[in-house]
Amino acid sequence: MTAHQESIIDQFTRQAIPFSKLYAHTNQESLYLLREMASVSDKDTVLDVACGSGIVSCAFAEVASHVTGIDITPAMLEQAQILAQQKNLINLSWQQGDIETLPFPDATFSIVLSRYAFHHFLQPDVVLSEMVRVCRPGGRILIADVALPPDKVNAYDRIEKLRDPSHTRALTLEEFPKLVADANLQNVKLAFYKV
Ligand SMILES: C[S@@+](CC[C@H](N)C(=O)[O-])C[C@H]1O[C@@H](n2cnc3c(N)ncnc32)[C@H](O)[C@@H]1O
């Protein structure tokens, strides 16, 4: 295991319960916006990349045919299982692992999403290309994360690393569109909400 993977697991084992209960992470309005952006329906099979405690996975499972969540931190996945049980959702499965190499064949899912995790990745472009690989042609990719003005990002990263050393780097408002363009994604939509 790499030092970065160890740091992620250490941090999110500590944060698993408080993270899952924070209103900023669970409020319905932002979850509905994500569902709307992805145009999720009962025909969709969804992959939630770095699913954590399953908040977004469960919101999508209320609509989709099936949702798979993958995350490296067992304590977060334990919270995800509890949340799915509390919501009486049975159309989810959970997998532990690193997301730089997704353990799924090409074109497995119709929606591949990731919320609040890109700022933890060492190679966001590699993760996005894996997300694209496992998404069916004509499917949808959804990324939700902090996106900062370039003149604020260094200060933000410095403060975040004090709070959570597994933070790598927030992408800027200019870098996200470039990341998506470099991955050759089409029909790109953008929306903002405050956390
Ligand atoms: C801030 S939490 C977000 C959880 C969830 N996506 C949400 O929005 O509620 C970040 C999650 O990313 C996971 N993570 C970070 N890097 C990862 C990696 N390389 N492989 C798998 N999971 C990773 C952590 O374990 C953690 O659960």
Side-chain angles (χ1 to χ4, degrees), residues 1-35 37-38 40 46-62 64 67-84 86-87 89 92-104 109 111-131 133-134 141-148 156-157 159-161 163-171 191 193-195:
M1 187 169 294
T2 67
H4 182 63
Q5 288 169 326
E6 279 176 7
S7 171
I8 293 278
I9 294 173
D10 176 49
Q11 276 306 310
F12 284 99
T13 301
R14 296 165 199 240
Q15 292 184 35
I17 292 175
F19 181 95
S20 312
K21 296 196 186 316
L22 211 61
Y23 173 77
H25 297 152
T26 58
N27 84 80
Q28 293 297 312
E29 214 175 305
S30 62
L31 294 168
Y32 290 155
L33 176 63
L34 298 185
R35 288 204 311 219
M37 292 297 286
V40 60
V46 180
L47 175 65
D48 185 357
V49 170
C51 65
S53 52
I55 296 164
V56 179
S57 310
C58 287
F60 273 67
E62 287 169 359
V67 179
T68 303
I70 180 166
D71 199 281
I72 201 169
T73 308
M76 292 294 265
L77 290 171
E78 274 169 36
Q79 293 302 311
Q81 277 163 321
I82 291 169
L83 184 65
Q86 284 170 347
K87 291 181 173 284
L89 292 165
L92 292 124
S93 48
W94 310 106
Q95 202 153 327
Q96 198 219 334
D98 192 289
I99 44 63
E100 269 198 14
T101 315
L102 291 171
F104 307 104
F109 303 95
I111 297 177
V112 182
L113 66 90
S114 183
R115 184 185 78 159
Y116 304 164
F118 265 65
H119 60 272
H120 289 289
F121 300 156
L122 294 173
Q123 304 187 88
D125 55 334
V126 171
V127 179
L128 181 56
S129 72
E130 272 294 273
M131 292 171 70
R133 180 184 66 76
V134 301
I141 305 277
L142 176 73
I143 302 171
D145 205 1
V146 283
L148 291 153
Y156 177 84
D157 287 339
I159 301 285
E160 266 299 277
K161 280 179 185 164
R163 185 186 69 80
D164 173 354
S166 73
H167 177 90
T168 57
R169 201 173 72 82
L171 294 171
Y193 60 94
K194 283 194 175 175
V195 177

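In this chain, residues are counted from 1 in sequence order. Atoms within each ligand, like the ligands themselves, are counted from 1 in listed order.
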Review point. Is the Tyr193 ring parallel, tilted or perpendicular to the Tyr116 ring (thresholds 30°, 60°)?
Key: tilted
**Study point:** Pairing of Asp10 and Arg14 as salt bridge, 4.0 angstrom limit
**Key:** yes
Review point. Considering only heavy atoms from C-beta outward, does the side chain of Gln86 approach that of Leu83 to under 4.5 Å?
Key: yes
Review point. Do Arg35 and Leu31 touch side chain to side chain, with heavy atoms closer than 4.5 Å?
Key: no
Review point. Using a threshold of 4.0 angstrom between heavy atoms of the protein and any atom of ligand 1, which residues qualify?
Key: Ile8, Phe12, Phe19, Ala50, Cys51, Gly52, Asp71, Ile72, Thr73, Met76, Gly97, Asp98, Ile99, Arg115, Tyr116, His120, Phe121
Check your understanding: Taking side chain as C-beta onward, heavy atoms only, is Leu142 less than 4.5 Å from Phe60?
Key -> yes
**Study point:** Note, Ile55 side chain near Phe19 side chain (heavy atom, < 4.5 Å)
**Key:** yes
